[in-house]
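Source: prediction; values computed, not measured. Throughout, protein chains are lettered first and strands after them, A, B, ... in sequence-line order, and every chain is numbered starting at 1.
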Protein chains: 2
Amino acid sequence: MADTARTRPAVPDTAGSFPVTVDVVALTVREGALHALVVDRLLEPFRGQAALPGGFVLPGETLEQAAGRELEEETGLTVPTGATGAGPWHLEQLRTYGPLGRDPRGPVLSVTYLLLAPAFGLPAAGGDAAEARWVPVDGNAGGLAFDHDHILADGIERARAKIEYSPLGAAFCPPEFPVAELRGVYEAVWGTRLDARNFHRKATGTPGFLEPTGRLGGGGPGRPAELYRLAAGVDPTAAVLHPPLMRPVSSGRAAPSA
Amino acid sequence: MADTARTRPAVPDTAGSFPVTVDVVALTVREGALHALVVDRLLEPFRGQAALPGGFVLPGETLEQAAGRELEEETGLTVPTGATGAGPWHLEQLRTYGPLGRDPRGPVLSVTYLLLAPAFGLPAAGGDAAEARWVPVDGNAGGLAFDHDHILADGIERARAKIEYSPLGAAFCPPEFPVAELRGVYEAVWGTRLDARNFHRKATGTPGFLEPTGRLGGGGPGRPAELYRLAAGVDPTAAVLHPPLMRPVSSGRAAPSA
DNA sequence: GCAAAAGTGTTTCTTGTACACCCATGA
DNA sequence: TCATGGGTGTACAAGAAACACTTTTGC
C-alpha cells in the first residue's frame, strides 16, 4: 500500500473506482396530468432512445451541482443549487443504482435526484443539446434507456408518498396559486379525484402549509379564488401535515422496488 | 473522445472516477433503548476513533454485497444479501453522501444503508477485525469519524418515520415475539411512552401486520403473552398501516437534513 | 338570470385517546 | 392473596367523508 505521506493517508489500492452519473426524475403537472422530463440521446449507448436527463459527475463537482448542470444543459433552465426550499423548485436525492448490470459501458454508479417543478417551457430541439420534452406518465410510459423506467417509477412513487405529509405539492405550483390548482396537483400525482370542499378546508386549515396573499386570481368562470403561497420559513421536507392528507385506498400505493 | 469500438462505447474521459464506500447504520433495541453499531478504526484517517461499519466497494461487487461483506467482517454475522424481507433483518439504502469535503483522502462517495435488526451479540475485540460495539443513541451520541454523526442522525430519522406506516418495527424483534416487545421497540425508537392497551388493539387489528402463532411466551411475571410473527408474504417496505401508527406530536420529528 | 367555480356549514361515521375493568400467571 | 403484566370494553373527542348551501364572478 503506497503511503504517499503520513499526514495524507491514501485510499487502499484494492478499492474500486467508479464513474458516477447523476440522473434526474423531473416531474411537473401540465393540463391535469403528471409529466416527466425526458431527453433523446444523441450518443451511444441507446442513441436515439429516450432517457432521463443526466450525465457524468465531473471532478470537483458536488452531486447537486452535477444535477443542476445537467438540467441546465438539457433544458436551459437554471436550478439554484442547494435549492431545497428556495423558490417553488424542489430537488432532493432519490437513491443510488448500480454499479453492476445497468450500463453497457461497464460498472457505473447512478445517483438519482427528484425534481418537482411548476410547468415550464422547454427550448426547441437543435443546438448542441438533445431535445428535452415532457411525457405524460399515465402508468405505461416505458421504453427509456438503461434502467431509467425503474428509476422513473421509483421517483413517481416517492412524489406520491411525499405530498401526503409534506407541503411539497406546492413545489408543482407557481409562487402564488389558488387552492384549486394545488388540488389539481394532488389529483394528477395520485390519479384520483378529491372533494374540492374538504380539500380546501384541510389545505387552508393546516398550520405551516399555505399562507394567504390577499390577492385574488381572476380569469376563468366562477368566483375568483384567493391566492395562496407556501408558508414562509417552513422546511418543505418537514412533515407539517398532521394528520397527513392521505390518498384514497384505491390509489396506487405500490412500494418502491427494493 | 476515444471510441474503443463501435459496439462497446466508452465512458467519456472527462468523467470523474470515484472511490466508493458503503457505510451502514445498524440499529437495534436493547434494554429498552435504541442502539447503533460502531467500530473503532484501526487505520488512518481517524484511527482509534469510532465510526460506522463500512468500507470500500470492491470491483465486481454490488452495493448490497459490499454492505453485507463489511458487516460480516466487522461483526461476524451474515446478512443474507438482497435480504429485504428475508428473516427478521431489514437492509435498505439510506442515501449517498459526497464526494467532496468528507474524507481527508480525497473525493470519496459514500452510499449508506440502514440495517434494522434484533439484538445480537458481537464477537469479542481482537483478531483481525476492529472491535464492534453497540452504543445507545440517546440524542447525544456524537463524536464519530468522517460525517458519520450526520449519517447516523439521518438513519435514525428514517427508522423513526418508517415504522409509522410500515411493519418494519418487527425487524427489531426475533421471529416470534409478544406484542409488548414490539411496543417496546416503538417506544425506544420514538423515545416516547405508548398506551399498552391501545397499541395492542392497533397492532393486532391492522391487516397484514401481525399473525398469531398460537404459542404463548411464558417467563416473567403476569399473564403469559401470545406470540406473534410478522404476517407472511407482506412486503416489509409496503405501507400496510392505514391509517399509520403515528408518533405523538411531542416526539422528535425533525426532517432529515438536506 | 344562469352557469360555474369558490368557499362555509352541517351531519355522520371512523378512529384515536384515555381509562375502567377482567384474565392469567408467579410468588 | 397480591403483584404484575396481558388483553377487552367503553366513553369521549378529533378528524374524515359526504353533501347542502351560500358567495361571487362571467356571459
Side-chain angles (χ1 to χ4, degrees), chain A residues 32 163-165 173 176-187 190 192-229 239-251 253, chain B residues 31-32 163-165 173 176-187 190 192-207 209-229 239-251 253:
Chain A
I163 64 175
E164 283 194 325
Y165 57 87
C173 298
E176 299 192 357
F177 52 89
V179 177
E181 178 164 349
L182 182 64
R183 174 168 48 85
V185 165
Y186 276 82
E187 292 179 332
W190 285 347
T192 56
R193 301 292 295 174
L194 298 174
D195 184 281
R197 298 152 300 188
N198 292 333
F199 182 89
H200 186 279
R201 203 192 334 265
K202 174 86 177 181
T204 57
T206 298
F209 191 7
L210 299 183
E211 208 169 60
T213 65
R215 265 183 291 280
L216 292 180
R223 172 174 168 179
E226 296 179 51
L227 295 183
Y228 289 81
R229 72 173 77 87
V240 299
L241 277 59
H242 282 279
L245 237 172
M246 290 202 300
R247 30 185 164 164
V249 282
S250 55
S251 174
R253 196 193 305 282
Chain B
E31 294 144 24
I163 63 175
E164 283 195 326
Y165 56 86
C173 298
E176 299 192 356
F177 52 89
V179 177
E181 178 164 350
L182 183 63
R183 175 168 48 84
V185 165
Y186 276 81
E187 292 179 331
W190 286 345
T192 56
R193 302 291 295 175
L194 299 172
D195 184 282
R197 298 153 299 187
N198 293 332
F199 183 88
H200 187 278
R201 204 195 329 268
K202 174 85 178 183
T204 57
T206 298
F209 191 7
L210 299 184
E211 209 169 60
T213 64
R215 265 184 291 279
L216 292 179
R223 173 175 169 178
E226 296 179 51
L227 296 182
Y228 289 82
R229 72 173 77 87
V240 298
L241 276 58
H242 283 280
L245 238 172
M246 290 203 299
R247 32 185 162 166
V249 283
S250 55
S251 173
R253 199 194 304 287

Starting at CG of A/L241 and ending at C1' of D/dA16, how long is that distance when rounded to a whole Å? 14 Å
Under 4.0 Å between a side-chain N or O of B/K202 and OP1 or OP2 of C/dG16? yes
Starting from C1' on D/dG7, measure out to CG on B/L210 and report it in whole angstrom. 14 Å
Over how many whole Å does the gap from A/E187 atom CD to C/dA5 atom P extend? 13 Å
Any base atoms under 4.0 Å from A/A180, or only sugar-phosphate, or nothing? Heavy atoms, all strands. sugar-phosphate
Can you tell which of C/dA20, C/dT25, C/dT10 lies closest to the side chain of B/P224? C/dT25
Residue pair B/P243 / B/K202, side-chain heavy-atom distance below 4.5 Å: yes
So, is A/R183 near the phosphate of C/dA6, with a side-chain N or O under 4.0 Å from OP1 or OP2? yes
C/dT17, D/dG6, D/dC21: which one has an atom nearest the side-chain heavy atoms of A/R197? D/dC21
Please give, in whole Å, the distance from D/dA16 C1' to A/L245 CG? 11 Å
Counting heavy atoms from C-beta on, name the nucleotide in C/dG7, C/dG16, D/dG15 closest to the side chain of A/P243. D/dG15
After noting the C-alpha distance and the side-chain angles of A/L216 and A/E226, does the key distance pass the side-chain contact (heavy atoms from CB on, under 4.5 Å) rule? CA-CA 5 Å; A/L216 292 180; A/E226 296 179 51; 3.8 Å; yes
Grab the CZ-P distance between B/R215 and D/dG6 for me, whole Å please. 19 Å
Base D/dG9 to side chain B/R201, donor-acceptor N/O within 3.5 Å cut-off: yes
d(CG, B/L227; C1', D/dG7) in whole Å: 14 Å
Name the residue closer to the 5' end of DNA chain C, choosing between A/G222 and A/T204 according to the nucleotide with the nearest heavy atom. A/G222
Checking the side chain of B/Y228 only, and the main-chain atoms of B/F209 only, is there a donor and an acceptor separated by less than 3.5 Å? no
When you measure from the side-chain N and O atoms of B/H200 to the phosphate of D/dG6, is any distance below 4.0 Å, counting only OP1 and OP2? no
To the nearest angstrom, how far is B/L216 atom CG from C/dG26 atom P? 11 Å
B/R223 side chain: which of D/dG6, D/dA16, C/dG7 is closest? D/dG6
Among the candidates C/dA6, C/dA18, D/dG7, find the nucleotide nearest to the side-chain atoms of B/N198. C/dA18
Calculate the interatomic distance between B/E181 atom CD and D/dG6 atom P; express it in whole Å. 11 Å
Tell me whether B/E187 contacts the main-chain N or O of B/G32 through its side chain, where contact means a donor paired with an acceptor under 3.5 Å. no
Can you tell me how far the CZ atom of A/F199 sits from the CG atom of A/D195, to the nearest 0.5 Å? 11.0 Å
